[in-house]
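This one's a predicted model, so the numbers in the text were calculated from it and none came from an experiment. Only this structure's heavy atoms are used, side chains among them; waters, hydrogens and symmetry mates stay out. Below, chains carry the letters A, B, ... as their sequence lines are ordered, and counting in each starts from 1.
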Amino acid sequence: MAGRDGRGLTLDDPPNSRLFILCPKGTTEQEFRDAFEKYGTIEDVWIIKDKRTNEDRGIVYIKFSKTSEAMQAMEEMNGRALPGSNKGLKVVVANSKRDGSTRDPREDERLVRLFVIIPKHFTEQKLRSEFSEFGEVESVTVLKDHGTGENKGFGYVRYFKPLHAALAYENCDTSYRPKFAEPQRSRGERDEIEYHGFPHHSSAGQKRLYEDDFRGGGAFGADVFHSGPSSVLGAPRPGPLEMLADYPLNSNCSRLVIQAPVGLTQGYLSKLFNLIPGMEYCDLNETTGVAYARYSSPQCATYARDKLNGFEYPLGSPLHVQLADDSVRQEYPMSVDSNYSQYSGGFGSYSTNLGNLSSVDPMDVRQKAAMILEKAGINPHNLLSSSSNAGSVGDGRRERSAFYCSIPLPPPQPTVQEDGTNLAQRLFIVCQPSGVSEKVLRDAFCRFGNLIDVYLLSGRNYGYAKFASKTSAMKAIETLHGQSLAGQKLKVLEAEPPKSNPAHGGFLGDEGPSKKQRL
DNA sequence: CGACGGGACGC
DNA sequence: CGACGGGACGC
């Protein structure tokens, strides 16, 4: 495997496995081997000499078979002298041959940060805990859609030490497809999302949760938009208009039309939309579920739409939020909104802790929205128009029932991580007529146990579920086939083997033909 | 102190 | 009918 490409392209395979070492002239290959072999398998020692004079230039390349071996050697030998010498070595990762001798100031960046593919339901907290087994994680980032806050399916993990990144690279589950991340291009590099541990979810209480809107911790007090100009930093705090002034805009509409699940009340809907700065009113017809909201600027309104459109509470009951057509004029006197003012007093401190847009986690609004509704004790059963299932799970006191499904389902079970060998059965899923959110799918399919992943192809009404247990998969078929989820008719069949089988052509990955490819 | 060689399966 | 996803960081 190692020597497949004779012409110099194997030098950096695996990545960062070759060291560039400045050393005293005259050091012999054996001396290098003696000093470095304890870190792993040395594939090559190459002492550089001047082509013409054959003079030793005090440079040696040492190629290890594994990244982690090279990292450990670098860590321990950099600055150390070889026996019989008093001169410390300089040991760094060698550049690739074509990059030559250019010294990159962000060199370390390449050694500690991994780019990984992750399940769509992963949180930063989950990603961090998954990768902590290889060493102390400095920070993690999960990329999210700017509009919806949906996890885009990949992220970054940054370690403090190159060795730990290498161990993760080599040993993490293959489904992460780890790569050493390219350094971020421009200087704005500290943008990485610091996730400051997991502490205050359990005990610190609701208030604390809401106050911690900011990545940097709750440095800003609550009520940014309601409490006027002074901040903890003493600088005047911009109002919502200034803060959202740069939000992408292609409309001058400040008003939203909302279709809410029937059963959601005026008060809670107001609280949801008051999470976005600049809300002036939010007025719901509780009979039809249609609401209108107005914001102080088109930017605010657009931002609110992007954050809350598609928000599902309960699962399978998304809010539909659009910019209202302002050519149709309507009167919404502020005074009508007496319900809102009543609630906004109580919840004002939770709202709108947006500092500047670039530091806001797009997920925050939705997380807080979910918390508001859950904390409010809104019972999903009461929100369902087709509630054939309501109350039928008599034991469902603590367990979340699958209220969105046409029949009762067993309680949710944890999903499992795919490891390249545990895929036991794939299912083919069709949702008619249109489709259903992945959240709903996951909530339904996980209930049979051993679910690895479930998804619909983008823009399609069909997709796949992967199980690590055939029994679990068969139970899913038996139970769900012919039922409906959130009003969508479901077909669930055993999947045919994938059509595109990369059994020929390019290089196969490091795992070779696997069970996965046969399923 | 700072950047790139040598070898050459055997079906 | 309905058959195989997605991959680079708010400049």
Side-chain angles (χ1 to χ4, degrees), chain A residues 3 6-8 11-12 18-25 44-51 54 56-61 63 87-103 109 113-120 139-144 146 150-156 158 175-193 246-248 356-362 426-433 435 438 453-466 489-501 516-517 519:
Chain A
R7 294 306 151 188
L11 289 176
D12 205 32
R18 196 175 60 127
L19 300 178
F20 172 87
I21 299 168
L22 297 175
C23 54
K25 294 175 181 172
D44 193 22
V45 175
W46 175 18
I47 298 169
I48 302 301
K49 299 201 169 92
D50 187 284
K51 284 197 182 69
N54 218 24
D56 189 332
R57 296 176 62 186
I59 293 170
V60 63
Y61 291 95
K63 171 72 174 68
K87 190 165 164 96
L89 302 177
K90 177 164 182 178
V91 184
V92 299
V93 172
N95 286 344
S96 70
K97 217 163 185 172
R98 52 160 264 139
D99 286 352
S101 61
T102 55
R103 274 174 269 176
E109 181 93 3
R113 216 168 59 114
L114 296 179
F115 173 75
V116 293
I117 301 302
I118 56 176
K120 291 263 196 325
S139 59
V140 297
T141 303
V142 169
L143 276 87
K144 307 184 187 77
H146 294 323
E150 296 290 336
N151 173 341
K152 287 167 82 173
F154 56 95
Y156 297 90
R158 182 196 288 267
S175 62
Y176 288 117
R177 300 285 139 115
K179 291 179 175 174
F180 285 92
E182 289 298 316
Q184 211 160 355
R185 277 199 290 279
S186 69
R187 298 275 297 160
E189 193 251 282
R190 289 281 176 186
D191 297 1
E192 219 170 29
I193 300 154
D246 292 333
Y247 196 72
N356 60 73
L357 282 179
S358 62
S359 73
V360 171
D361 184 335
R426 288 185 338 128
L427 304 181
F428 178 60
I429 300 166
V430 186
C431 287
Q432 281 162 333
E438 276 187 18
D453 194 15
V454 55
Y455 60 91
L456 298 184
L457 275 72
S458 75
R460 300 292 161 88
N461 67 338
Y462 56 85
Y464 297 87
K466 301 198 276 189
K489 272 291 184 188
L490 209 60
K491 292 182 182 177
V492 186
L493 321 168
E494 293 186 54
E496 297 296 327
K499 187 94 183 185
S500 56
N501 201 331
K516 178 180 179 177
Q517 290 169 335
L519 287 173

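- The CD1 atom of A:Ile21 sits 11.5 Å away from atom CD1 of A:Ile48, with the distance rounded to the nearest 0.5 Å.
- A:Lys179 comes within contact range of at least one nucleobase, with a heavy-atom separation under 4.0 Å.
- Of the residues in residues 455-464 of chain A, A:Tyr455, A:Leu457, A:Tyr462, A:Tyr464 come within less than 4.0 Å of DNA chain C through at least one heavy atom, sorted by number.
- With the nearest nucleotide of DNA chain B identified for both A:Val92 and A:Val45, A:Val92 has the one nearer the 5' end.
- A:Asp56 comes within 4.0 angstrom of no nucleic acid atom, judged by non-hydrogen atoms across all strands.
- Atom CD1 in A:Ile47 sits roughly 13 Å away from atom P in B:dG6 (whole-Å rounding).
- Here the options are A:Thr141, A:Val116, A:Val142, the test is side-chain contact (heavy atoms from CB on, under 4.5 Å), and the partner is A:Tyr156; only A:Thr141 passes.
- Candidate nucleotides C:dA8, C:dG5, B:dA3 were compared by shortest atom distance to the side chain of A:Tyr61, and B:dA3 ranks first.
- The distance from the NZ atom of A:Lys144 to the NZ atom of A:Lys152 is 11.0 Å, given to the nearest 0.5 Å.
- A:Arg113 has no side-chain polar atom (N or O) that falls below the 4.0 Å cut-off from OP1 or OP2 of C:dC9.
- One atom, CH2 of A:Trp46, and another, C1' of B:dA3, lie 8 Å apart when rounded to the nearest Å.
- With rounding to the nearest 0.5 angstrom, the CZ atom of A:Arg57 is 12.0 Å from the CG atom of A:Asn54.
- Under a 3.5 Å cut-off, the side chain of A:Asp12 and the backbone N or O of A:Arg18 do not form any donor-acceptor pair.
- Distance alone, capped at 3.5 Å, places no donor-acceptor pair between the A:Arg426 side chain and the A:Glu494 backbone.
- For A:Glu182, the listed nucleotide lying nearest its side chain is C:dA8; candidates were C:dC4, B:dG5, C:dA8.
- With ring centers used as reference points, A:Phe115 lies 6.0 Å or more from A:Phe180.
- In this structure, A:Phe20 counts as stacked on the base of B:dA3 under the 5.5 Å centre distance and 30° plane angle limits.
- Scanning atom types as modelled, one donor and one acceptor separated by under 3.5 angstrom connect the side chain of A:Asp453 and the base of C:dG5.
- When the nucleotides C:dA3, C:dG7, B:dA3 are ranked by their closest atom to the side chain of A:Ile59, B:dA3 comes out on top.
- A donor and an acceptor atom sit less than 3.5 Å apart, one in the side chain of A:Lys491 and one in the base of C:dG2.
- Between the C1' atom of C:dC9 and the CG atom of A:Asn151 lies a distance of 14 Å, rounded to the nearest Å.
- OP1 or OP2 of B:dG5 lies within a sub-4.0 Å distance of a side-chain N or O belonging to A:Lys51.
- Judged by distance alone, with hydrogens and angles left aside, the side-chain atoms of A:Asn461 form a donor-acceptor pair with the main-chain N or O of A:Cys431 at under 3.5 Å.
- Nucleotide B:dG7 holds its C1' atom 11 Å from the CG atom of A:Asp44, rounded to whole Å.
- Among C:dA3, B:dA3, C:dA8, the nucleotide with an atom closest to any side-chain atom of A:Phe154 is C:dA8.
- The base of B:dC1 lies outside donor-acceptor range of the side chain of A:Arg57, with no N or O pair under 3.5 Å.
- B:dC9 adopts a syn glycosidic conformation, its chi angle falling within 90° of 0.
- In this structure, of C:dG6, B:dA3, C:dG2, it is C:dG2 that holds the atom nearest to the side chain of A:Phe428.
- Taking atom CZ of A:Phe115 as the reference point, atom P of C:dA8 lies 6 Å away to the nearest angstrom.
- In this entry the distance linking CD of A:Glu438 with C1' of C:dG6 reads 10 Å, nearest Å.
- Across all strands shown, A:Lys152 has no heavy atoms under 4.0 Å from either base or sugar-phosphate atoms.
- Atom-to-atom distance recorded for A:Asn151:CG and A:Glu438:CD is 9.5 Å, nearest 0.5 angstrom.
- Regarding A:Ile21, its CD1 atom lies at a distance of 14 Å from the C1' atom of B:dC1, rounded to whole Å.
- As rounded to whole Å, 13 Å separates atom P of C:dA8 from atom CD1 of A:Ile118.
- Considering only the side chain of A:Leu143, C:dG10 comes nearest among C:dG10, B:dC4, C:dC4.
- The aromatic ring of A:Tyr156 does not stack onto the base of C:dA8, failing the criterion of a centre distance under 5.5 Å from the six-membered base ring together with planes under 30° apart.
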